[in-house]
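Below is one structure, written out as structure tokens, with a few remarks after it.
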2 protein chains.
Amino acid sequence: MNIGDVAQRCGLPAKTIRYYEDIGLIEPLRGANGYRRFRESDLHKLAFLGRARSLGFSIEDCRTLLTLYRDRARASADVKQVAQDHLACIDRKIGDLTQMRQTLSHLVEACAGDERPDCPILADLANLTQGQPCHGQSN
Amino acid sequence: MNIGDVAQRCGLPAKTIRYYEDIGLIEPLRGANGYRRFRESDLHKLAFLGRARSLGFSIEDCRTLLTLYRDRARASADVKQVAQDHLACIDRKIGDLTQMRQTLSHLVEACAGDERPDCPILADLANLTQGQPCHGQSN
DNA sequence: CCTTGACCCTCCCTTTACTGGAAGGTATTG
DNA sequence: CAATACCTTCCAGTAAAGGGAGGGTCAAGG
């Protein structure tokens with residue numbers, strides 16, 4: 001299989017597949033013409049990677065997960081650890097974003113949004129010493 | 001004021017302040033020795049930037065917001081638009097992360113986390129065609 | 001006067017996970 | 001045999017800085 005077909009089948013852009021080879025996540029064979037030749041196992045790995053990435057795992061996490069996947073003697077605890085760490089990371093991000101969202105939505109609601117220049121959003125950005133908003137805790 | 005004092009006062013690393021000058025967000029003066037010399041107005045701008053960045057605005061948004069801030073003839077509608085777009089962006093991110101979180105937390109809960117190799121997390125990553133998880137909708 | 005240490009300067013590399021494009025080789029189709 | 005659609009590598013760029021090298025400057029102390 002050439003890269004185009006693989007891209008089609010696993011839903012990853014060809015560029016990304018080449019990149020994954022570059023960084024050593026996959027090792028497709030090469031034909032006499034220099035084209036990459038993908039086996040089913042490569043396709044499988046790429047699907048694994050695509051799925052892991054879509055769950056937000058970093059490339060390094062993906063590398064670890066692939067290794068664990070290949071390792072028949074793995075402990076599921078190791079996999080779980082990776083996933084839990086990532087979950088914690090996601091929770092942190094959600095928390096940060098939720099904070100921002102709250103502050104921002106208050107400000108947006110308070111803004112008239114007309115032709116006049118007065119704007120509580122700008123006022124908030126301008127007046128506050130970092131980390132001390134006027135309506136609660138900031139970040 | 002030298003960059004160190006400014007960094008102290010506005011809570012941004014000196015590196016970041018230099019970077020903001022590089023990309024044209026601020027224009028501190030220069031002393032005869034080549035050192036940057038910051039006015040109060042620069043400090044003010046930097047505080048503004050720090051606050052805007054902490055709310056998750058992109059650098060380009062910050063540039064726009066600073067321009068609007070400086071423009072006494074602005075319409076608050078323009079500011080509101082920027083903020084609303086950003087809010088929508090945040091909501092999208094929260095949505096994506098929440099999706100991931102849900103799938104991932106299910107998987108983590110289902111994983112024994114012991115020394116045995118069997119792992120529903122790996123099974124999920126390996127078995128699924130992209131976008132079709134076994135327990136509901138994926139992404 | 002000289003040195004020491006704390007500043008400051010610029011410049012370049014690194015990060016994450018790709019994406020885009022140029023320049024060129026190959027395979028297929030008409 | 002040409003056009004088109006593949007494929008190849010390499011280089012550059014993205015966001016928003018962070019790290020560190022190599023070197024200039026400033027204030028204080030001996």
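These figures come from a predicted structure and were not determined experimentally. Residue numbering restarts at 1 for every chain, and letters A, B, ... go by the order of the sequence lines. Side chains included, hydrogens not; waters and symmetry mates left out as well; all remaining heavy atoms used.
The side chain of B:T16 approaches D:dA17 more closely than any other nucleotide in the set D:dA17, C:dT19, D:dT8. If you check D:dA17, C:dA17, D:dT9 against the side chain of A:I59, the one that comes closest is C:dA17. In the set C:dT19, C:dC8, D:dT8, D:dT8 carries the atom at the smallest distance from any side-chain atom of A:R30.
Rounded to whole Å, the distance from CG on B:N2 to C1' on D:dC26 is 10 Å. The OH atom of B:Y19 sits 10 Å away from the P atom of D:dG18 (whole-angstrom rounding). Remark: P of C:dT15 and CD1 of A:I23 are 12 Å apart, rounded to the nearest angstrom. Put simply, CD1 on A:I3 is 11 Å from C1' on D:dC6, counting in whole angstrom units. Put simply, NZ on A:K93 is 10 Å from C1' on C:dT16, counting in whole angstrom units. Rounded to whole Å, atom C1' of C:dT19 lies 14 Å from atom CD1 of A:I17. The separation between A:E60 atom CD and C:dT16 atom P is 7 Å, rounded to whole Å. As a whole-Å value, the separation of B:L29 CG from C:dC8 P is 16 Å.
Between B:L25 and B:K45, every side-chain heavy-atom pair lies at or beyond the 4.5 Å cut-off. Between A:R30 and A:R36 there is a side-chain heavy-atom pair separated by less than 4.5 Å. Between A:I59 and A:Y20 there is a side-chain heavy-atom pair separated by less than 4.5 Å. At least one side-chain heavy atom of A:L125 sits less than 4.5 Å from a side-chain heavy atom of B:F48. Counting only heavy atoms from C-beta outward, the side chains of B:C119 and A:L68 never approach each other to under 4.5 Å. When side chains are defined from C-beta on, A:Y69 does not count as touching A:V79, because their heavy atoms never get closer than 4.5 Å. B:F57 has its side chain within reach of B:L65: a pair of non-hydrogen atoms, C-beta onward, lies under 4.5 Å apart.
One N or O on the side chain of A:H86 and one on the backbone of A:L55 form a donor-acceptor pair closer than 3.5 Å. Between the side chain of B:N2 and the backbone N or O of B:G4, no donor-acceptor pair lies under 3.5 Å.
Contacts with DNA chain D (heavy atom under 4.0 Å) in residues 80-90 of chain A: none are found.
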### Query
How does each nucleotide of nucleotides 21-30 of chain C score, in 5' to 3' order, for protein heavy atoms under 4.0 Å: base (B), sugar-phosphate only (S), or none (-)?
B---BBS---
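Residue B:R63 places no side-chain N or O under 4.0 Å from the OP1 or OP2 atom of D:dA16.
Ranked by how close their nearest DNA chain D nucleotide is to the 5' end, B:Y20 and A:E21 are led by A:E21.
Note on the helix from C:dC1-D:dG30 to C:dG30-D:dC1: angle between the axes of the first and last five pairs equals 30°, rounded to 10 degrees.
Taking CG of B:L107 as the reference point, atom CD of A:Q84 lies at 12.0 Å (rounded to 0.5 Å).
Salt bridge B:D114/B:R116: present, at least one basic N to carboxylate O contact under 4.0 Å.
Nucleic acid contact class of B:R18 (heavy atoms, under 4.0 Å, all strands): base.
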